[in-house]
Asker: 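This is the structure, below, for whatever I ask next.
Chain A is the first sequence line, chain B the second, and so forth, proteins listed ahead of strands; every chain is numbered from 1. Since the structure is predicted, the reported quantities are computational estimates derived from the model, not experimental observations.
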Amino acid sequence: MLTDLMKRELLAEIDRTETRQAACIEALQIVQRHLGWISNETLREIADFLNMTPDELEGVATFYNHIHRKPVGRHVILVCDSVVCWIEGVEEILEHIRATLHIEPGETTSDGLFTLLPVQCLGACDNAPALMIDEELFTNLTPARFDEIVAAYRDGKS
Amino acid sequence: MERPLTQHIQPGGEPLSLAEYEKKGGYQALRRVLGSMTPRQVLDVVSKANLRGRGGAGFPTGTKWESVPEGAPKPRYFIVDADEMEPGAFKDRYLMEGNPHQLIEGLIIGAYTVEAEAAVVFIRWEYTRARKSLRKAIEEAYERKYLGGNILASGFNLEVQLHVSAGRYICGEGTALVKSLAGDRALPHAKVPRQTQAGLWGKPTILNNAETLCNVPHIISNGPEWFRTLSRCNDGGTKIYGASGKLKRPGLWELPLGTSLREILEECAGGMREGLRFRGVLPGGASTDFLVEEHLDVAMDYDSVQKAGSRLGTGTMIVLDDRTCPVGMVHNLEHFFAHESCGWCTPCREGLPWAAAILKALEQGQGRAEDLDTLGQLTGRLGPGRTFCALAPGAMAPLKSALKFFRADFELHVAEKRCPWR
Ligand SMILES: Cc1cc2nc3c(=O)[nH]c(=O)nc-3n(C[C@H](O)[C@H](O)[C@H](O)COP(=O)(O)O)c2cc1C
Ligand code: SF4
């Protein structure tokens with residue numbers, strides 16, 4: 001359900017754009033900030049709000065890496081799997097994540113805390129390997145450093 | 001050595017505020033432009049400076065700005081391409097995080113020159129720090145009346161918006177970017193008519209890379225002759241070069257355009273890490289052809305790199321060492337390109353996953369001798385001129401050059417039925 005607050009934020013966005021449809025990427029991001037992901041029902045509501053058909057909006061939503069069409073955990077871990085991080089050993093980091101969080105890329109931990117997703121080059125190549133948790137960038141990763149970072153999030157840093 | 005673009009940036013520090021930027025001479029160029037220059041005069045200065053686009057294609061900026069036809073309809077749009085999703089590239093991030101007003105000032109001058117009154121900075125979602133610094137800079141610029149209506153009482157108006165994309169490499173391509181801003185699925189299309197005639201909302205639109213625009217205030221302040229003396233080639237200016245891979249000191253450096261590969265890799269980046277040898281380099285990011293040892297003295301400018309068989313691209317290079325598998329590296333790259341293909345053209349949509357699958361099979365010891373021919377054919381079928389945009393030919397550049405320079409490695413994968421590096 002789109003709340004009044006969400007609708008106000010959407011309207012502020014629409015105000016800035018030429019057409020209602022032109023606000024759709026921002027709109028998806030706004031709603032996702034509130035709800036965590038975009039369900040079919042939410043997608044239909046947003047489409048309606050923007051005078052788009054659900055199919056048109058789906059064509060946009062599925063086009064982008066950061067619009068989640070499936071539920072995600074409380075924190076999203078985005079591990080860069082592009083070329084420089086690969087050269088610098090990201091496979092070892094991914095192996096470590098699999099072993100310690102017991103999830104594969106695309107999955108969420110059973111406690112709902114973390115979702116693991118691969119992501120394209122984060123532009124941190126001089127300090128590879130790199131990952132993001134939610135909107136925060138972490139670089140020069142090692143398995144030990146990864147454990148520290150994750151522990152901080154478990155302890156309630158959000 | 002002069003470093004106009006980065007001289008005031010504190011690595012890892014806070015971005016320059018508007019007050020700090022002004023104290024260093026910031027917005028003086030804009031004041032001069034709005035106070036005493038016609039758009040035509042600004043255009044002449046930028047053209048004479050021989051500034052070429054830093055976004056990958058190296059198109060002369062003056063020529064691009066001039067291609068908005070006289071009397072073309074309004075409103076006109078000016079877009080900053082700050083999507084920077086090319087693997088290996090991280091230069092625009094540094095400029096935007098460190099000195100956002102330099103970009104905003106360049107953007108305002110550019111917009112004035114082509115008489116655009118609306119502008120968009122198109123930035124990738126992942127650049128959270130740069131998003132923040134730019135958002136603040138835009139707010140500050142509005143407060144100080146460098147943006148908005150009747151800027152500095154000149155009669156010139158400009159509204160700027162920050163658009164945060166949701167993550168897709170193809171959106172950095174001009175025609176896809178414009179569709180993305182309209183809320184359509186971002187599929188590129190043929191460039192007829194040119195975007196400078198009919199771009200965003202069918203109106204004349206100029207698209208420039210972030211680094212390109214950062215040069216503009218300095219060209220206005222110091223003149224085109226000064227700008228040309230900064231470089232070691234016919235094109236003007238410095239370049240933000242980057243290098244990553246197993247070097248002693250991966251990083252970014254602002255150097256004269258035309259600095260040699262060897263100087264950048266050996267002196268700036270300190271050479272290879274202990275026990276490793278240099279094998280090759282993608283000089284301009286993921287979509288450029290490998291260069292090898294014999295090319296180390298090539299000057300990193302547009303024409304020299306092209307003559308050597310590759311492209312300057314973004315100028316951010318990725319180094320291959322002798323303990324990293326070239327087949328694995330190219331597999332990683334083709335996997336990226338296959339994922340990021342928008343799917344519009346058949347050769348790209350079908351060919352890239354095919355190339356990635358073959359490379360994966362080679363890595364897993366299931367390669368066959370004929371696979372190398374198939375890969376070779378694909379580099380032709382996805383080459384320049386066969387697709388709507390440059391993604392597919394760009395994707396083929398590292399593959400084609402790897403087949404040439406590292407053929408023995410591919411053959412070893414087939415012969416030994418395994419990756420020799422694992
Ligand atoms: C697939 C693809 C992705 C691109 N991504 C970017 C990008 O992220 N940033 C950029 O400045 N240019 C990018 N470009 C190049 C732009 O299309 C365009 O050439 C450039 O922004 C023009 O600016 P310039 O003349 O200042 O270099 C991309 C091109 C292609 C084909
Ligand atoms: S070359 Fe690939 S990315 Fe470019 S338009 Fe065609 S399918 Fe899309």
Side-chain angles (χ1 to χ4, degrees), chain A residues 13-14 16-30 32 38 50-52 55-68 78 80-91 117-128 130-132 134-137 139-140, chain B residues 84-94 124-131 159 161 163-171 180-187 200-201 242-247 249-252 282 286 316 318-321 324 328-333 335-336 339-340 342 398:
Chain A
E13 232 9 90
I14 290 167
R16 304 198 305 153
T17 50
E18 209 87 0
T19 64
R20 288 176 90 93
Q21 175 172 353
C24 70
I25 294 170
E26 308 277 5
L28 289 163
Q29 295 189 52
I30 287 169
Q32 185 167 287
I38 306 292
L50 300 177
N51 297 339
M52 295 171 76
D55 284 356
E56 281 170 337
L57 187 60
E58 175 75 338
V60 173
T62 54
F63 197 72
Y64 293 94
N65 297 320
H66 297 300
I67 304 300
H68 305 310
L78 296 162
C80 171
D81 67 355
S82 292
V83 62
V84 181
C85 284
W86 178 81
I87 291 172
E88 295 278 28
V90 76
E91 288 193 333
L117 295 175
V119 72
Q120 289 63 35
C121 182
L122 292 172
C125 314
D126 48 345
N127 292 299
L131 62 72
M132 284 180 86
D134 305 331
E135 302 219 345
E136 192 96 24
L137 177 70
T139 55
N140 295 311
Chain B
E84 195 160 70
M85 278 189 69
E86 173 104 346
F90 49 107
K91 64 186 183 69
D92 298 336
R93 176 172 68 91
Y94 184 77
R124 61 182 298 195
W125 179 90
E126 294 88 341
Y127 279 5
T128 47
R129 283 192 62 190
R131 275 159 52 188
E159 302 293 334
Q161 298 199 12
H163 175 87
V164 179
S165 185
R168 192 77 192 248
Y169 174 58
I170 196 63
C171 290
S180 180
L181 284 177
D184 293 320
R185 198 170 163 95
L187 310 174
L200 185 58
W201 307 117
S244 58
K246 293 199 169 170
L247 296 153
R249 292 188 300 273
L252 284 174
L282 300 173
T316 38
I318 308 168
V319 170
L320 169 72
D321 60 87
T324 296
M329 178 170 170
V330 176
H331 170 237
N332 180 286
L333 292 167
H335 171 77
F336 165 82
H339 185 266
E340 295 298 315
C342 82

Asker: Looking at B:Tyr94, B:Tyr169, B:Tyr127, B:Trp125, which has the largest count of heavy-atom pairs under 4.5 Å with chain A?
Answerer: B:Trp125
Asker: When you compare the side chain of A:Glu136 with that of B:Thr128, does any pair of heavy atoms fall below 4.5 Å?
Answerer: no
Asker: Heavy-atom distance under 4.5 Å between the side chains of A:Cys121 and B:Phe336, does that happen here?
Answerer: no
Asker: Checking B:Thr316 against chain A: side chain, backbone, both or neither under 4.5 Å from a heavy atom?
Answerer: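 Neither part, no heavy atoms under 4.5 Å.
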Asker: So which heavy atom on B:Pro87 is nearest to which on A:Val83, and how close?
Answerer: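 That would be CB-CG1, 4.0 Å.
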Asker: Roughly how far apart are B:His339 NE2 and A:Asp81 CG, rounded to 0.5 Å?
Answerer: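 B:His339 atom NE2 to A:Asp81 atom CG measures 8.5 Å (nearest 0.5 Å).
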Asker: With only heavy atoms counted, which part of B:Leu333 is less than 4.5 Å from chain A, the side chain, the backbone, both or neither?
Answerer: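 When you check distances to chain A, only side chain atoms of B:Leu333 fall under 4.5 Å.
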Asker: Non-hydrogen atoms of chain B under 4.5 Å away: do they reach the side chain of A:Ile25, the backbone, both or neither?
Answerer: side chain
Asker: Give, as side chain, backbone, both or neither, the part of A:Glu56 having an atom under 4.5 angstrom from any heavy atom of chain B.
Answerer: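 Neither part, no heavy atoms under 4.5 Å.
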Asker: Say you draw a straight line from OG of A:Ser82 to CD of B:Glu86; how long is it, rounded to the nearest 0.5 Å?
Answerer: 10.5 Å
Asker: Under a 4.5 Å heavy-atom cut-off, does chain A meet the side chain of B:Glu159, its backbone, both or neither?
Answerer: neither
Asker: Tell me whether B:Gln161 contacts the main-chain N or O of A:Arg16 through its side chain, where contact means a donor paired with an acceptor under 3.5 Å.
Answerer: yes
Asker: Can you tell me which portion of B:Glu126 sits under 4.5 Å from chain A's heavy atoms? Options are side chain, backbone, both or neither.
Answerer: both
Asker: Considering only heavy atoms, which portion of A:Gln21 lies under 4.5 Å from any heavy atom of chain B: side chain, backbone, both, or neither?
Answerer: both
Asker: I need the minimum non-hydrogen distance between A:Val84 and B:Ser244, along with the two atoms involved.
Answerer: CG2-OG, 3.3 Å
Asker: If you count heavy-atom pairs within less than 4.5 Å of chain A, which of B:Pro250, B:Gly242, B:Ala286 leads?
Answerer: B:Pro250
Asker: Strictly below 4.0 Å, N to O, side chains only: are B:Arg129 and A:Glu135 in salt-bridge contact?
Answerer: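 Salt bridge flag = no for A:Glu135 with B:Arg129.
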Asker: To the closest 0.5 Å, what do you measure between CG (B:Asp184) and SG (A:Cys24)?
Answerer: 8.0 Å
Asker: Count the heavy-atom pairs under 4.5 Å between each of B:Ala89, B:Ser165, B:Gly245, B:Ala186 and chain A, then report the option with the highest count.
Answerer: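 Max contact count across the listed options: B:Ala186.
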Asker: What part of A:Gln32 gets closer than 4.5 Å to chain B, counting heavy atoms only: side chain, backbone, both or neither?
Answerer: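 Answer is neither: A:Gln32 stays 4.5 Å or more from chain B.
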Asker: Rounded to the nearest 0.5 Å, what separation is found between the CH2 atom of A:Trp86 and the NE2 atom of B:His335?
Answerer: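 Separation between the atoms: 12.5 Å.
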Asker: Is it true that the NZ or CZ of B:Arg168 lies under 6.0 Å from the centre of A:Phe63's six-membered ring and within 45 degrees of the ring axis?
Answerer: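 So B:Arg168 does make the cation-pi contact.
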Asker: Once you round to the nearest 0.5 Å, how far does CD1 of A:Ile87 lie from CG of B:Asn332?
Answerer: 8.0 Å
Asker: Do B:Phe90 and A:Leu122 come within less than 4.5 Å of each other through their side chains, counting heavy atoms only?
Answerer: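 No; the side chains remain at least 4.5 Å from each other.
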Asker: By a 4.5 Å heavy-atom criterion (distance strictly below it), what part of A:Leu78 contacts chain B: side chain, backbone, both, or neither?
Answerer: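 The side chain, not the backbone.
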Asker: Restricting to non-hydrogen atoms, name the atom on A:His66 and the atom on B:Gly167 that form the minimum distance, rounded to 0.1 Å.
Answerer: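 Heavy atoms only, the tightest pair is CD2-CA, 4.0 Å.
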Asker: Under 4.5 Å heavy-atom distance to chain A, tell me which part of B:Val330 shows up: side chain, backbone, both or neither.
Answerer: neither
Asker: So how far is it from B:Arg124 CZ to A:Asn65 CG, rounded to the nearest 0.5 Å?
Answerer: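 Rounded to the nearest 0.5 Å, the CZ-CG separation comes to 9.0 Å.
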Asker: What part of B:Ile170 is in contact with chain A, defined as an atom under 4.5 angstrom from a non-hydrogen atom: side chain, backbone, both or neither?
Answerer: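 B:Ile170 touches chain A through side-chain heavy atoms alone.
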Asker: Between B:Arg185 (side chain) and A:Val60 (backbone), is there a donor-acceptor pair under 3.5 Å?
Answerer: no
Asker: Looking only at heavy atoms, which two atoms of B:Ala182 and A:Thr19 are closest? And how far apart?
Answerer: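 Nearest pair, atom of B:Ala182 first, then A:Thr19: O-OG1, 4.4 Å.
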